[in-house]
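Presented below is the structure to which this report refers.
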Amino acid sequence: MIYADNAATTKMSDAAIDAMVACMKENYGNPSSLYVVGQKAKEVLEDAREEVVKAIGADNFREIIFTSGGSEADNQALRTAAEIGKKNGKMHIISSAFEHHAILHTLKRLEKEGFEITLLDVHENGLIKPEEVAAAIREDTCLVTIMYANNEIGTIQPIREIGAICREKKVLFHTDAVQAVGHIKVNVKDDNIDMLSASAHKFHGPKGTGFLYVRKGIPITNLIEGGAQERGKRAGTENVPGIVATSVALTEAIENLEKNAEITKVKRDRLIAGLKEIPHSAINGDETNRLPGNVNFCFEGIEGESLLLLLDDKGIQASSGSACTSGSLDPSHVLLAIGRVHDVAHGSLRLTINEETTDEDVEYIIKSVKEVVEYLRSFSPIWRDLVAGKKQFIL
Amino acid sequence: MALYSEKVMDHFRNPRNVGVIEDANGIGEVGNAKCGDIMKMYLKIENDIVTDVKFETFGCGSAIASSSMATEMIKGKPLSEVRELTNKAVAEALDGLPDYKMHCSVLAEEAIKSALEDYEKRKSEEN
């Protein structure tokens, strides 16, 4: 089996599993309790927070709120900025067309509440232009929220430049860094970030845990009311084992980040070169300015779901932006945002590998994708029309 | 539970009657690339019996399986029976389809109806 869907989720690291199990066995107390077992749990919880502070270059523990994952962190960041905006009479938010739905759907909701939303163009290469962010900022802009790296096509945004622009114009800047943290260098200070969302299961941690970084001095809005956990900013008994495992996985990922990224990039580039040999195919997103493990292609004349099912039969797990895999009639909003037309966007394939993917795996994936694409094209009426010249090739 | 039944996966992995009939006398194509599904049916009809049928499909697993199953259900059958084929019967023969994939079986029914119309049209033009 070759697992090539690490952008969907990753396998937990052994160290994270061990830390999680040990925590469940030994530190089962409630961190809010006064007795020793409770206080021990509080201690490991705060140690974990310190690890996260260090890992992303934050200032202090007050800046980290543990959440149920990336989506909750995104929701809370946007609500926080919206509340501040409302108070100051600033009701304009800038984002991009290919954000994660945790951002886009929350923005839709805020739009109904009276906010005006500007979604920036992400261009054919899947990269936002800092000067376009600068041009979009108005007197009444309360937030710029741009993802660090795209979850489908892996393109890495010029976050530091965008952050600097926001800082200069005194506008809050949030980044959904779910795909970036633990994979590429992220430092909230160097990158001029005010708020950042992360999710543990994307860097070999457990599902159901994540965190939100909020720079000190920014008043946070609660999504969940109740107890005084997380300094009153997120009620509910803390997921201590999950949080401990998150910090272990993150520390491990950061320690090995450069080494892993180098190894993975070489394999990614071989994979891209191999898949490019397939006629009438195209890579989605900038070829080099992308996450170390992300490969995303469109193949003309075929549909993505059938491609995925046949690859699964060959032992390869991947994903696609086709409509059939999303349960709607529209293909991926990310592919549409970079200008892929529907016909082509349906035939997309995302492979997200990591440092454990071997050279043999890469060659096997290339061979298998070639075979499956050729097979599906052999009985595709679209392909027949394209080859016969009745239709124009797009790719 | 898996997304698809064993039957769907069988027809998807080993589609029956795939290809083109060069001398087909009824051809139907339905769907569009925008939605991600196109089905093309080729019928060879002799003495009001579908003596041969082939299909080509651009689409997801259930679209390919629905086309394959539909061709099996009409091959060798008199037109009177073929005209009665419903999408529901195709879906049932596949041991069911997920709700949001039912449109694949609709496409199979429509592709066959469209091929039959083409056949009738050609016949009336001959006369």
Side-chain angles (χ1 to χ4, degrees), chain A residues 280 298-315 317 319-332 335-336 340-349 371-388 390-395, chain B residues 2-6 8-22 24 27-42 53-68 71 97-108 110-111 114-115:
Chain A
H280 304 288
C298 279
F299 303 106
E300 198 160 5
I302 62 154
E303 192 280 330
E305 192 211 69
S306 37
L307 172 62
L308 292 191
L309 291 170
L310 291 173
L311 286 178
D312 189 27
D313 280 351
K314 289 177 182 286
Q317 281 82 53
S319 81
S320 167
S322 91
C324 282
T325 58
S326 70
S328 80
L329 279 180
D330 283 320
S332 142
L335 297 178
L336 297 179
R340 293 284 182 228
V341 295
H342 278 66
D343 311 35
V344 166
H346 285 298
S348 80
L349 174 70
E371 281 170 13
V372 173
V373 170
E374 199 183 322
Y375 166 70
L376 288 172
R377 280 175 174 174
S378 76
F379 62 94
S380 160
I382 295 188
W383 185 251
R384 169 175 300 280
D385 287 351
L386 288 167
V387 172
K390 288 185 195 164
K391 252 187 177 171
Q392 290 283 312
F393 279 107
I394 298 166
L395 302 181
Chain B
L3 172 64
Y4 292 133
S5 70
E6 293 273 335
V8 172
M9 287 310 291
D10 175 40
H11 276 264
F12 166 65
R13 289 188 180 115
N14 312 293
R16 282 64 147 177
N17 307 309
V18 173
V20 177
I21 300 174
E22 293 299 344
I27 299 175
E29 184 175 312
V30 294
N32 66 68
K34 196 166 185 272
C35 303
D37 289 300
I38 295 182
M39 270 183 211
K40 195 166 183 179
M41 286 279 174
Y42 301 83
V53 49
K54 292 256 193 285
F55 81 90
E56 290 183 310
T57 291
F58 160 90
C60 60
S62 62
I64 292 170
S66 296
S67 331
S68 166
T71 59
L97 287 172
D99 281 351
Y100 68 101
K101 297 282 188 176
M102 281 305 283
H103 72 97
C104 294
S105 62
V106 175
L107 275 183
E110 285 174 355
S114 159

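Atoms considered below: every heavy atom in the structure, side chains included; atoms not considered: hydrogens, waters and symmetry mates. Residue numbers begin at 1 in each chain, while the letters A, B, ... track the order of the sequences.
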Inset, instruction - Please report the shortest heavy-atom distance between Ser306(A) and Gly59(B), naming the atom on each side. - result: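 That closest heavy-atom pairing would be OG-O, 2.9 Å.
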
Inset, instruction - Taking all non-hydrogen atoms of both residues into account, name the closest pair between Phe58(B) and Ser380(A) and its distance. - result: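 Minimum heavy-atom separation between Phe58(B) and Ser380(A): CB-OG, 3.8 Å.
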
Legend entry - For Ile38(B), the option from Asp385(A), Asp343(A), Ile382(A) that meets side-chain contact (heavy atoms from CB on, under 4.5 Å): Ile382(A)

Legend entry - CD1-CD distance between Ile64(B) and Glu303(A), expressed to the nearest 0.5 angstrom: 7.5 Å

Legend entry - Partner chain A: residue of Met9(B), Arg13(B), Lys54(B), Lys40(B) with the largest heavy-atom pair count (under 4.5 Å): Arg13(B)

Inset, instruction - Could you tell me whether Glu305(A) and Lys101(B) have a side-chain N and a carboxylate O separated by less than 4.0 Å? - result: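 A salt bridge is present here (some side-chain N lies under 4.0 Å from a carboxylate O).
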
Inset, instruction - Taking atom CD of Glu374(A) as the centre, report whether more than 12 heavy atoms of other residues, nucleotides or ligands fall under 6.0 Å from it. - result: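 Open: at most 12 neighbouring heavy atoms sit under 6.0 Å from CD of Glu374(A).
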
Inset, instruction - Under 4.5 Å heavy-atom distance to chain B, tell me which part of Arg377(A) shows up: side chain, backbone, both or neither. - result: neither

